[in-house]
Amino acid sequence: DVQLQASGGGLVQAGGSLRLSCEASGFTFDDTAIGWFRQAPGKERVGVSCISPSDGIRYYADSMKGRFSISSDNAKNTVYLQMNSLKPDDTAVYYCAAFKTMFIRGYSDCAVRRMDYWGKGTQVTVSS
């Protein structure tokens with residue numbers, strides 16, 4: 001039974017940092033891509049970042065490059081999202097998700113429609 005559990009959200013001031021964690025069970029990272037998505041109020045869910053399982057390449061949405069960093073600890077089956085220099089526009093519910101694939105070709109693969117599994121979200125609120 002595949003499960004994804006996201007945690008680490010909270011309230012932070014603009015310019016601050018948070019680290020989100022996504023603990024996965026029911027599969028390994030060898031043949032499964034993991035990603036982070038977010039959904040702001042009134043907006044569609046969009047990809048933040050994904051890791052390609054076979055080559056470890058990381059892909060990011062343009063607005064997050066240089067501020068966010070995705071990483072994984074395969075021994076713990078956990079993926080992290082380090083978020084720095086947070087802005088009020090980063091306020092959203094953040095979700096981790098996964099889909100079966102050996103590799104990701106680019107950020108376009110880090111898409112809601114590609115995901116097979118979703119975890120419950122964690123709220124991130126950035127105050128100005």
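The shortest side-chain heavy-atom distance between F68 and L86 falls under the 4.5 Å cut-off. For the pair Q123/T91, a side-chain contact is recorded, criterion being any heavy-atom separation below 4.5 Å from C-beta on. Taking the side chain as every heavy atom from C-beta outward, S72 and I51 approach each other to under 4.5 Å. Side-chain contact check for S49 versus Y60: some heavy-atom pair is nearer than 4.5 Å. Side-chain contact check for Y95 versus Q39: some heavy-atom pair is nearer than 4.5 Å.
Following chains of ILVMFWY side-chain contacts shorter than 4.5 Å, one cannot reach V48 starting from Y80, and the two form parts of different hydrophobic clusters. Placement of F99 and Y117 in two distinct hydrophobic clusters is found when ILVMFWY residues are connected by side-chain heavy-atom separations under 4.5 Å, directly or transitively. Both V12 and M64 are assigned to one and the same hydrophobic cluster, defined by single-linkage of ILVMFWY side chains at heavy-atom distances under 4.5 Å. Taking hydrophobic clusters as Ile, Leu, Val, Met, Phe, Trp and Tyr residues chained together by side-chain heavy-atom distances below 4.5 Å, V46 does not share a cluster with W118.
Of all non-hydrogen atoms in F37 and G47, the two that sit nearest each other are CD2-CA, 3.4 Å. Contact record, C96 with A6: SG-CB, 4.0 Å, taken as the closest heavy-atom pair. Taking every heavy atom of both residues into account, T32 and A98 meet most closely at CG2-CB, 3.6 Å. Heavy atoms only, all atoms of each residue included: Y59 and I104 are closest at OH-O, 3.2 Å. Taking all atoms of both residues into account, the shortest heavy-atom contact from F27 to N77 is O-ND2, 2.7 Å. When all heavy atoms of D90 and R67 are compared, the pair lying nearest together is OD2-NH1, 2.7 Å.
R58 places a side-chain N or O within 3.5 Å of a backbone atom of G56 that can act as its donor or acceptor partner.
With Y94 as the aromatic partner, R38 does not meet the cation-pi criteria of under 6.0 angstrom to the ring centre and within 45 degrees of the ring axis.
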Steps toward side chain to side chain contact (heavy atoms under 4.5 Å, CB included) verdict (S108, C110): CA-CA 5 Å; S108 59; C110 189; over 6 Å; no

Derivation of the side chain to side chain contact (heavy atoms under 4.5 Å, CB included) call for L18 and V124: CA-CA 9 Å; L18 279 176; V124 171; 3.9 Å; yes

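Of the listed residues (D73, L4, L20, I34), just one forms a side chain to side chain contact (heavy atoms under 4.5 Å, CB included) with V79, and that residue is I34.
Distance check, rounded to the nearest 0.5 Å: CG of D30 to OG of S54 gives 10.5 Å. Rounding to the nearest 0.5 angstrom, the gap separating the CZ atom in R45 from the CZ atom in R113 is 15.5 Å. One finds the SG atom of C50 at 13.0 Å from the CD1 atom of I57 (value rounded to the nearest 0.5 Å).
A salt bridge links D31 and K100; the closest N-O separation between the charged side-chain nitrogens and carboxylate oxygens is under 4.0 Å. In summary, D62 and K65 engage in a salt bridge, as defined by a charged side-chain N under 4.0 Å from a carboxylate O.
At most 12 non-hydrogen atoms from other residues, nucleotides or ligands lie less than 6.0 angstrom from CD of E23.
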